[in-house]
Amino acid sequence: MNKTLTELKDEELIKEFQDNNTIQAYEILVKRYKDPLMNFVYRFVGDRDACTDIVQETMIKFFLNKDSYRSFAKFSTWIYTIAGNLAKNELKRRRRRTIFSISGNDDDKTPQIEDKMFHSPEKIADGTIRNEIIERALLKVKPVYREVVILRDIQDLSYEEIAEITGLATGTVKSRINRGRAQLQKLLKHIYKD
Amino acid sequence: MKNIYKEDDGKYAGMIEDLKNLPKVETPENFEYNLMTRIQNKNFGDSKIKDPAFNWIKFLTPSAVVVTAVILLFIFIPSNQQTDNQFSKFDNKIVNNSIADNKNDASGDIINQGKPPISNGAKSLAETSKSSANTDNSVKNVNPRIPFGYSRSVSLDDYITGSNHQNNLQRGNVVNSGNSETPFDGFFLVEKPDPNLLMKERARIDSVKNAKAKADSLKKVQK
């Protein structure tokens, strides 16, 4: 039975979970999507602990609201939508906390000096540091652009899938991806000179 | 058609490649264990769907609004039909009273000739209550075309026979006779006669009488 379940597609698995409340089907879907969602949310929020909580919440919401999924949509877009909404809520909460914080907790803020730090060509050539710079730059892109850039260039989703996840028109998705990329390249101009 | 986004993909190719090669972040090892433990313990935190508690106020508010609106409509919006009916009822009542009065008056002449007539006030009161109680009967039995009431009318037959005891006989009272319906002829103006004209008419009548007397005397002489 388990072997058969692992061979099923996402949509078949969720149908099994909806119809027969098969917890194994749910576990398989969790296994399939926990890491992609973790990667997406981490690139979007930039905090590993918060990211783990968000993905957990996503899976709990999936468990509780399994019947709200409709078979005409792709399962991947449905679960990405849940995760994306939770990630946006987290960002909003953080922004609110920053605005209303009287003391101005420095832990929440990204140190500005570090961002403008000069990176020598040798350091940039080092893959680890290069990735770190790109990650930080990505977190500085406006959230509306960042989300679509991550979904397209990191998660490798199609324009149509992104449109479905974000609830935007395909044209809007394309233009936002373009603007996001432009913003990111501007931030990384010392790496991508041409 | 040119695909500008394809071109942009080429423009940012290096950056897109780097983004794709960013290290994949994975969930902690105990992620699934924690998740399943939470589900088994039903520890859903904020994700738990709250069953909305039954709220009487929310339940009754729409119906209360509708009921209030209907009551206000009845109170504040005057119904033309209703007022018309009221007036028509009022008119009918008056007409029926007058009809009933007239009928009693007329039938009283025939049937109750020997009986003394009831005084005006008592009779009208009695008839008012009677007519209001038996409106339908009076409408069926009495011809509604007679336009005057008992208090303002005089039965000519009664007046001639001397059985009329109305004490409010005035010049303007309407005269009724027998069972025949009296059509309303309108109002007439009282005009004072011209004294000169009266003198002339008298003189003319006198001259005619004189002429006639002379003619008679001449005939007697000839005989």
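Each chain gets a letter, A, B and so on, in the order the sequences are listed, and its residues count up from 1. In this text the structure is predicted, and so the values were computed from the model without any measurement.
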Side chain / backbone / both / neither for B:N21 at chain A, heavy atoms under 4.5 Å: backbone
Which atoms of B:E26 approach chain A - backbone, side chain, both or neither, heavy atom under 4.5 Å: both
Distance (rounded to the nearest 0.5 Å) between [X] [atom1] and [Y] [atom2]:
X: B:T27; Y: A:K34; atom1: OG1; atom2: NZ; answer: 3.5 Å
X: B:L22; Y: A:E132; atom1: CG; atom2: CD; answer: 11.5 Å
X: A:I23; Y: B:I39; atom1: CD1; atom2: CD1; answer: 6.0 Å
X: A:D156; Y: B:L19; atom1: CG; atom2: CG; answer: 11.5 Å

Neighbour count above 12 (heavy atom, 6.0 Å) for [X] [atom1]:
X: A:R32; atom1: CZ; value: yes
X: B:I57; atom1: CD1; value: no
X: A:K66; atom1: NZ; value: yes
X: A:K15; atom1: NZ; value: no

Residue pair [X] / [Y]: nearest heavy atoms and the distance that separates them:
X: B:P23; Y: A:N131; answer: CD-ND2, 3.6 Å
X: A:D153; Y: B:K20; answer: O-CG, 3.0 Å
X: A:I154; Y: B:K24; answer: O-NZ, 3.6 Å
X: B:L35; Y: A:Q56; answer: N-NE2, 3.6 Å
X: A:V55; Y: B:F31; answer: CG1-CZ, 3.4 Å

Region of A:F40 that comes under 4.5 Å of a non-hydrogen atom in chain B: neither
Contact check, side chains of A:V30 and B:M36, non-hydrogen atoms, under 4.5 Å: no
Residue pair B:M15 / A:I191, side-chain heavy-atom distance below 4.5 Å: no
Identified side chain to side chain contact (heavy atoms under 4.5 Å, CB included) counterpart of B:Y12 within the set A:L184, A:N178, A:V149, A:I177: A:N178
Under 3.5 Å donor-acceptor, A:D35 side chain and B:V25 backbone: no
Partner chain B: residue of A:T52, A:I150, A:L138, A:V41 with the largest heavy-atom pair count (under 4.5 Å): A:T52
When A:R43, A:M59, A:E27, A:E135 are compared by non-hydrogen pairs under 4.5 Å with chain B, the top option: A:R43
Trace of the side-chain hydrogen bond (donor to acceptor under 3.5 Å, both in side chains) decision for A:Y192 with B:D18: CA-CA 11 Å; A:Y192 308 105; B:D18 285 342; 2.3 Å; yes
